[in-house]
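For the numbers below, each heavy atom of this structure counts, side chains included, while hydrogens, waters and symmetry mates do not.
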Amino acid sequence: MAEPAGTASREPSNGRPTLRGFLTALVPTLLLSLLLVPLSGGALLLSAVPAAAEEPPGDTPVEEDADIGAARVTVTEISPAVPGPDSLIILRGTVTNTGDSTITTATAAPRLAVPLANRTAIDSATARQGFDVGLDGAFLSGHGAELEPIEPDQARPFALRVPVSELGIGAAGVHQVTIAVTGRTEAEQWDQILGAGRVLLPVSDRENRDRESRDRESRESREEDGGTAVTVLWPLISTAHLLPGSRNGDEQVPVLRDDALLTEISSGGRLHRMVSLGADLPVTWVIDPDLLASVDAMTDEYRVQGPDGLIEGQGQEVARAWLYRLREAVADADVVALPYADPDLASLAHQGKSVPGSLAQLRAATELAPVTVETILGVTPRTDYAWPIEGALDPDIVSVATSAGAQRIIARDDSVRTGTGEDHTPSAAGPIGGGVTAVVADSRLSTLAEGRMTRAGEVTTARQALLAHTLAVADQTPAAERHVVLAPQRMPSADQARALAEALDTLAEEADWARFADLDEAARAEPDPLAALSVPGTDEYPERLREQEQPTGSFEAMRETRRALDDFAVILTRADRVVTPFGNAIRREMSTSWRGEPVDAARYRAEIRAELRELTEQVHLIEKSPITLSGRSAIIPVTVQNNLMQEVQGLELRLTSSRRIGLEVDEAREVAVGGGHSQSVKFEATARANGRTVLEAQLYTADGKPYGEAIRFHARVTSITSAVMLVIAGGVLLVVLAGIRMYTQRKRAESAGGGPGGEPDAPGDTPGGGADGGSPGATPPGSGNGGTAHGDTPAGESGTDTAGGDAASVRRGETVERGR
């Protein structure tokens, strides 16, 4: 960036320039330029000769105690970030014309530093707008920079070089330095304050601090390293990406909702940046195991939902590389595992606790977390921490968190009462009753990188705020050990992560008043004797956060999905292939990431329910056409189809008739069908009356719950009438009488011919012949009650089953099943 020549600040005046005023300003400036320390590279920093228009110091500069909006002053660089009493600081930035008129003349110049005694003063200096002569420090001559004319909506850079000794800093600590822009516009042709920007300047007296540190080290009772310990949480959390999966032959292939996760873990993506930055920082990793499982699923064959169906995933190499870098980063680091899929504790406490089974899902998510992290990353995480959204607590949230085994809850000091005043920052950890410890994060530090962080000015402001607040905490009780926790937003953007990492790097390298500690050390530290932590009531929970919670109806929908999954699992021989992916999907439905996204959350729940329904419908009954039953009894086949890639068992098939008096059916049959096969189940039916009836076939699970949809089909029953039976009986009687007569005639013929061995009878007297016309060997028609069932039957079933051929029919059905 080109640097404009440094010129003395032009303060407006009603008088005219004098030679004495010119010399008075010139001589100190020349002496100062000769005494300035060398810059990097050995070049000396020289201040330019002040312009002849410099106002005499005896004149009163223009000061305005009002809001100003003609120019916006942004400081983009402060070097060094933590100067000492003898340092030279360089302030770079921009002046943007935010008005409607061109700024014709302007000078950017620093004011004298204003000490900020405590954190409240730091907050006020950061939040204040406009310019106030009493709060922004007195005019400092000799260190201004003249700017070129600035058109509306345009900006000009500036660079100021100021020795700390000339800022009026009397002691180390946090100070405010205001850079004011004085000038004129085309519309207002008089000198005025056009804009002002403020920066936080933590000044360290390193020599005195080193002496105090050596004194502390000599104490045998010293704990750890003493001083202020800073704990930084580094969250690796994302939204829900995985669906339960699809089948590819005997393998189950993971399915992602979209390619958003691949974007996040690719070079330049949010999660890629989080891992790269966190690897070089002294942080505690806070990881959602579901994110690890989702990326791990991408390392092999997977599919992605597209607008036209599933497409093959292409991120295998990227996923493997990301996991490899993460394993290296956490190998020797402190790792905390959240419950699987990061369940929304506040939504559970306020909306879902009354729905049976919801808390059981939280416990299952907690139990699954360490197994997932250990398997994928090879480290053993801590799982006794709970982290509600923004660290906001009430008694219900504490109760839900501890029900799943958490003994330490990460809270935030804008939610938990500390019992101390604004000028005292208590150490982070403290008891809140019931053996539970609250690790209270500092809200000022935790939110300092929540802006866009896309501009250099935003990054610089966040860095200086971190330095200033930690120095202020250290100065509260210099001799006492203090723990402060920084818990940022759950899913910082890539720019926010970069800004936070830069601030932490500066704190590690230049802040001699602080050290870094992991979360476990902060939780185990002695509670602050001045603090008395307490949890606010339920009615004090922030309404803004309550409005983002999932409604009770969403937890009831999760319960119904879980019930359907449990009913399905009992018939499976390899239930884990279904229960595990769908159980994890139900846990994702409870994720904190759904906050503020009710439509997307409902869509995800519907996707999971529809996929489970489609899977359960793979086991079903095949529809039957109407059938006809002839006779008193018949065999009715019903076919069960199993399109799953595993055997199902424990099912019971029942066939019932709407006319129990007219048609009786056998008792229920047990069903077991191999994967990808069908089986025909035979029922024997007995008719007692003619007519039509409706038969219903329904599958049931072992515990008596209906499974799937029932099928209904019509049956027409026909039986033999009384008239037909009389005709048949008469025919039988005639046959018997004819046989008796033939027998009698034969005996008479034998007697007339002399008996056996005698002469044959005359021709025409042959037995069975004669006038009677009997037909020896004629077989009388038989009769019986065996009936048949006529009708369309599924493939593999016999078209007609006779009562006399039941065994053959069954054998033929079994042969078909084995063939399948």
Q | Spatial distance of atom CD1 (I122) from atom NE2 (H175) [nearest 0.5 Å] | A | 11.0 Å

Q.
For W322, does the six-membered ring have the charged nitrogen or CZ of R327 within the cation-pi criterion, i.e. under 6.0 angstrom from the centroid and within 45° of the normal?
A. no

Q.
Please enumerate all residues that pass ring pair (Phe, Tyr, Trp, His ring centres under 6.0 Å) together with Y541, with sequence neighbours excluded.
A. H350

Q) Which value, rounded to the nearest 0.5 Å, describes the distance between R273 atom CZ and S266 atom OG? A) 13.0 Å

Q) Which is it for T425 and Q476 under the side chain to side chain contact (heavy atoms under 4.5 Å, CB included) test, yes or no, and what are the steps along the way? A) CA-CA 8 Å; T425 301; Q476 289 176 2; 3.4 Å; yes

Q. Have S593 and S591 got a donor and an acceptor in their side chains that come within less than 3.5 Å?
A. yes

Q. Are side-chain heavy atoms of V336 and T284 found at a separation under 4.5 Å?
A. yes

Q | Within 6.0 Å of CZ in R257, more than 12 heavy atoms from elsewhere | A | yes

(Q) Could you work out, with side chain to side chain contact (heavy atoms under 4.5 Å, CB included) as the rule, every residue matching P536, not counting sequence neighbours? (A) S415, R417, E540

Q: Evaluate the criterion side chain to side chain contact (heavy atoms under 4.5 Å, CB included) for residue pair I287 and V335; output intermediate values, then yes/no.
A: CA-CA 7 Å; I287 301 176; V335 178; 3.9 Å; yes

Q: Output yes when R444 and D123 qualify as a salt bridge under the 4.0 Å nitrogen-oxygen rule, no when they do not.
A: yes

Q) Can you name the residues that form a side chain to side chain contact (heavy atoms under 4.5 Å, CB included) with Q489, not counting sequence neighbours? A) E450, P492, Q496

Q: Please test T418 against L533 for side chain to side chain contact (heavy atoms under 4.5 Å, CB included), starting from the C-alpha separation and ending with a verdict.
A: CA-CA 5 Å; T418 61; L533 298 183; 4.0 Å; yes

Q. Above 12 or not: heavy atoms from other molecules or residues under 6.0 Å from CG of D600?
A. yes

**Q.** Modelled atom types, side-chain donor and acceptor of Q176 and T178, under 3.5 Å
**A.** yes

**Q.** E502 side chain near L277 side chain, heavy-atom distance below 4.5 Å
**A.** no

Q) Can you check side chain to side chain contact (heavy atoms under 4.5 Å, CB included) on L507 and E510, steps first, answer last? A) CA-CA 6 Å; L507 183 67; E510 300 189 31; over 6 Å; no

Q: Answer whether the closest heavy-atom distance between the side chains of L500 and P488 falls below 4.5 Å.
A: yes

Q) Is E390 paired with R544 through a side-chain N to carboxylate O contact shorter than 4.0 Å? A) yes

